[in-house]
Amino acid sequence: MTSKYIAKKLIVEGEQDKRVIPYLIEANGIPWGNTKEKAVVYIEAYGSDQFIDADVISTELKASGLNALGLTVDADDNPSGRWESIRNACLKTIPDIPEQLPNSGLVHSMANGIKFGVWLMPDNQMRGMLETFLAYMIPQQSEPLWLYALEVVTEARNRGAGFISPHVDKANIHTWLAWQNPPGRQLHNAIMERIVNPQHPNAQTFVNWFKNLYDL
């Protein structure tokens, strides 16, 4: 739950998001802080999208001392439907929330001065998730290997690989990471070790959204 000592908070779906985002932001010139207490933004992982709920959002926004709250949610296979669900959950507390999610992410100033933000992974427009977003940061020199990884994942499905269709993007990025040195790095390690390029132009819209929302 939100503490009265937390001024800037980001709610995410899972632990991967919670680990990846600090490394991405720090790689773009903003020191994150060495401890949870010193972090520039407090991140809470709900473990699912159960925070897309009118009462949860209302409670979070009423926390004492809060001045900015962000939500990062996977679009999955239905970006417009996902945004509609988020917006409907917010209307109770934010009646003037825009009807359309901006391509650059939502940063909305409420009447009480609190800033509220929404980012729909990967880019507020396309289907996908955190892993899709990270694939946007594949370095240009790695593109041939990345394209081959996509071919291999497709062939693996044809041969009976058990992962479900919504998880293709997860299979793609983890297959590609399995071929790096060392093999099989976790997503946050891929950013920290520059296996993907955290300063890639494709990442900058998210970075700018984050800076704008939290006045960094």
Side-chain angles (χ1 to χ4, degrees), residues 10-49 70 72-77 119-123 126-211 214 216:
L10 176 66
I11 299 176
V12 299
E13 288 192 55
E15 292 296 327
Q16 292 277 28
D17 309 73
K18 185 176 179 179
R19 287 191 289 265
V20 162
I21 290 171
Y23 282 109
L24 175 62
I25 297 304
E26 193 154 63
N28 281 277
I30 298 174
W32 188 263
N34 296 326
T35 66
K36 184 189 301 184
E37 292 72 26
K38 293 182 179 180
V40 292
V41 174
Y42 175 78
I43 302 182
E44 181 174 357
Y46 263 62
S48 70
D49 60 3
T72 299
V73 186
D74 290 343
D76 294 330
D77 287 328
W119 181 275
L120 206 59
M121 286 287 181
D123 60 5
M126 304 295 290
R127 59 153 300 280
M129 55 189 65
L130 174 67
E131 288 81 0
T132 319
F133 176 64
L134 289 174
Y136 289 174
M137 294 183 259
I138 300 290
Q140 185 175 5
Q141 65 270 21
S142 298
E143 195 69 23
L145 186 63
W146 169 248
L147 294 176
Y148 181 56
L150 303 186
E151 293 178 15
V152 169
V153 169
T154 299
E155 182 61 21
R157 289 199 74 199
N158 292 339
R159 291 172 179 254
F163 60 88
I164 61 176
S165 179
H167 290 169
V168 167
D169 291 353
K170 292 178 183 286
N172 288 338
I173 194 74
H174 286 289
T175 298
W176 184 77
L177 288 173
W179 298 341
Q180 306 304 310
N181 182 23
R185 305 303 285 153
Q186 296 186 47
L187 300 182
H188 66 281
N189 292 122
I191 289 179
M192 182 173 63
E193 298 166 17
R194 304 300 196 269
I195 299 170
V196 297
N197 177 12
Q199 295 180 330
H200 196 290
N202 291 341
Q204 294 312 302
T205 305
F206 175 84
V207 172
N208 291 335
W209 169 81
F210 193 93
K211 289 179 179 179
Y214 295 112
L216 299 174

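This one's a predicted model, so the numbers in the text were calculated from it and none came from an experiment.
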Worked verdict on Asn28 versus Gln204 for side chain to side chain contact (heavy atoms under 4.5 Å, CB included): CA-CA 9 Å; Asn28 281 277; Gln204 294 312 302; 3.0 Å; yes
Residues, nucleotides or ligands: over 12 heavy atoms within 6.0 Å of Glu143 CD: yes
Nearest atoms (heavy-atom pairs only) where Pro198 meets Met137: CA-SD, 3.9 Å
Polar side-chain atom of Asp169 near backbone of Gly128 as donor-acceptor pair, under 3.5 Å: no
Shortest non-hydrogen contact between Asp74 and Met121, atoms and distance: OD1-CB, 3.6 Å
Taking every non-hydrogen atom, the tightest pair across Val41 and Phe210: CG2-CZ, 3.7 Å
Side chain Glu26, main chain Trp32, donor-acceptor under 3.5 Å: yes
Atom pair OH/NZ of Tyr46 and Lys18 - distance to nearest 0.5 Å: 12.0 Å
Val20 versus His188, closest heavy-atom pair with distance: CG2-N, 3.8 Å
More than 12 heavy atoms of other groups within 6.0 Å of Asn158 CG: yes
Derivation and outcome, side chain to side chain contact (heavy atoms under 4.5 Å, CB included), residues Arg19 and Gln186: CA-CA 10 Å; Arg19 287 191 289 265; Gln186 296 186 47; 4.3 Å; yes
Flag, side chain of Gln16 to backbone of Leu130, donor-acceptor distance under 3.5 Å: no
Spatial distance of atom CD (Gln180) from atom CZ (Arg185) [nearest 0.5 Å]: 11.0 Å
Ile43 CD1 to Leu10 CG distance, which is reported to the nearest 0.5 Å: 5.0 Å
Pro166 side chain near Asp77 side chain, heavy-atom distance below 4.5 Å: yes
Check: Trp146 and Ile173 side chains under 4.5 Å, non-hydrogen atoms: yes
Separation between CG of Leu187 and CD of Glu15, rounded to the nearest 0.5 Å: 12.5 Å
Spacing of Arg157 atom CZ and Ile164 atom CD1 [to the nearest 0.5 Å]: 9.0 Å
Spatial distance of atom CD1 (Ile11) from atom CG (Asp49) [nearest 0.5 Å]: 12.0 Å
4.5 Å side-chain heavy-atom contact, Met126 and Thr132: no
Glu13 vs Thr72 side-chain heavy atoms within contact, under 4.5 Å: no
Flag side-chain contact, heavy atom, 4.5 Å: Trp179 against Val152: yes
Distance-minimising heavy-atom pair for Arg127 and Pro122: O-CD, 3.5 Å
Residue pair Leu134 / Ile191, side-chain heavy-atom distance below 4.5 Å: yes
Which residues share a ring-ring contact (aromatic ring centres under 6.0 Å, His included) with Phe206, sequence neighbours left out: Trp119, Phe133, Trp209
Shortest non-hydrogen separation from Ala190 to Leu177 and the atoms involved: CB-CD2, 3.9 Å
Phe163 atom CZ, over 12 foreign heavy atoms within 6.0 Å: yes
